[in-house]
Amino acid sequence: MGHVSADWYAIAPPCSQDEFLATVRVYARAVVDAYSLSADVNALSWEVSTRAKRRAGAVRYRDGEPEAVRIAWRLFENEGWGAVAATVRHELIHVHLITEHDDPSHGDAFRDLADRLDTAVHCERFTEPDWWVSCTECSVRLPRYRESRLVREPDAYACGNCGGDFTVRTP
Ligand SMILES: [Zn+2]
Ligand SMILES: [Zn+2]
């Protein structure tokens, strides 16, 4: 048990996707061991997505079981290994909670583990949205990538969390 330094496993572009995934796998195994997570790194398929523009990572499921973890190549190219390592930890928490509790959410259990593993609760997005719709009363912040009605007429809506008003900002 204890801290795993992501730096020990650091890899930087340019490298092949195979090299990248090999490093990701070794790092994932170290994280699973250090935090006693229920995740079988060898049984999971580890994949690179060259198309993902916003999602840093994702878990793919089959019949409710985690089957693959996918990491966005652009995340690696744009933000480097540190961001990839944080995303690997994030996705491993999903695998763990699905396996242990059938829980795919970012709820309380996720939050606790995200805190222990030093990763974001919402780290799966890496392209800045064009608009942020923020609650004036609480911490709710909604990214929007197109000019939806919520963006055009925030006054027509209330925060689902607290009932507060929304404001719209561009980053
Ligand atoms: Zn997530
Ligand atoms: Zn609110």
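Along the sequence shown, residues carry numbers from 1.
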Residue pair [X] / [Y], side-chain heavy-atom distance below 4.5 Å:
X: W131; Y: L142; value: no
X: H90; Y: F110; value: yes
X: V133; Y: T167; value: no
X: D165; Y: D155; value: no
X: L37; Y: L117; value: yes

Exercise. Check the pair S16, D18 against side chain to side chain donor-acceptor pair (under 3.5 Å), reporting the backbone distance first and the verdict last.
Key: CA-CA 5 Å; S16 73; D18 284 347; 5.2 Å; no
How many angstroms lie between atom [atom1] of [X] and atom [atom2] of [Y], to the nearest 0.5 angstrom?
X: I98; Y: E65; atom1: CD1; atom2: CD; result: 8.5 Å
X: S45; Y: R62; atom1: OG; atom2: CZ; result: 10.0 Å
X: L75; Y: T87; atom1: CG; atom2: OG1; result: 4.5 Å
X: L97; Y: D102; atom1: CG; atom2: CG; result: 10.5 Å
X: R116; Y: L113; atom1: CZ; atom2: CG; result: 6.0 Å
X: S49; Y: R55; atom1: OG; atom2: CZ; result: 10.0 Å

Restricting to non-hydrogen atoms, name the atom on [X] and the atom on [Y] that form the minimum distance, rounded to 0.1 Å.
X: L44; Y: A68; answer: CD2-N, 4.0 Å
X: Q17; Y: T50; answer: NE2-CG2, 3.3 Å
X: L92; Y: A28; answer: CD1-O, 3.8 Å
X: C135; Y: C162; answer: SG-SG, 3.5 Å
X: S134; Y: R169; answer: OG-NH2, 4.3 Å
X: G107; Y: S105; answer: N-OG, 3.0 Å

Practice problem: Among V24, V48, I71, I11, find the residue that satisfies the side-chain contact (heavy atoms from CB on, under 4.5 Å) test when tested with F76. | Solution: I11
Quiz item: Has the side chain of W46 got a donor or acceptor atom that lies under 3.5 Å from a matching backbone atom of V41?
Solution: yes
Quiz prompt | H96 side chain vs A39 backbone, donor-acceptor pair below 3.5 Å | solution = no
Quiz item: Side chains of N42 and R29: do they bring a donor and an acceptor to under 3.5 Å?
Solution: yes
Quiz item: Side chains of H94 and H106: donor-acceptor distance under 3.5 Å anywhere?
Solution: yes
Quiz item: Checking salt bridge (Lys or Arg N to Asp or Glu O under 4.0 Å) for the pair R70/E91: CA distance, chi angles, key distance, verdict?
Solution: CA-CA 9 Å; R70 191 175 291 169; E91 303 309 334; over 6 Å; no
Quiz item: Given L150 and F166, is the side chain to side chain contact (heavy atoms under 4.5 Å, CB included) satisfied, shown in steps?
Solution: CA-CA 9 Å; L150 175 62; F166 282 130; 3.9 Å; yes
Quiz prompt | side chain to side chain contact (heavy atoms under 4.5 Å, CB included) evaluation trace for W73 with R51 | solution = CA-CA 8 Å; W73 189 248; R51 288 190 301 182; over 6 Å; no
Quiz prompt | Presence of salt bridge, R60 and E47, under 4.0 angstrom | solution = yes
Exercise. Apply the test side chain to side chain contact (heavy atoms under 4.5 Å, CB included) to residues T170 and W132: give CA-CA distance (whole Å), side-chain angles for both, the deciding distance (0.1 Å), then the verdict.
Key: CA-CA 6 Å; T170 51; W132 283 106; over 6 Å; no
Quiz item: Mind checking whether Y27 and W81 have parallel, tilted or perpendicular rings, split at 30° and 60°?
Solution: perpendicular
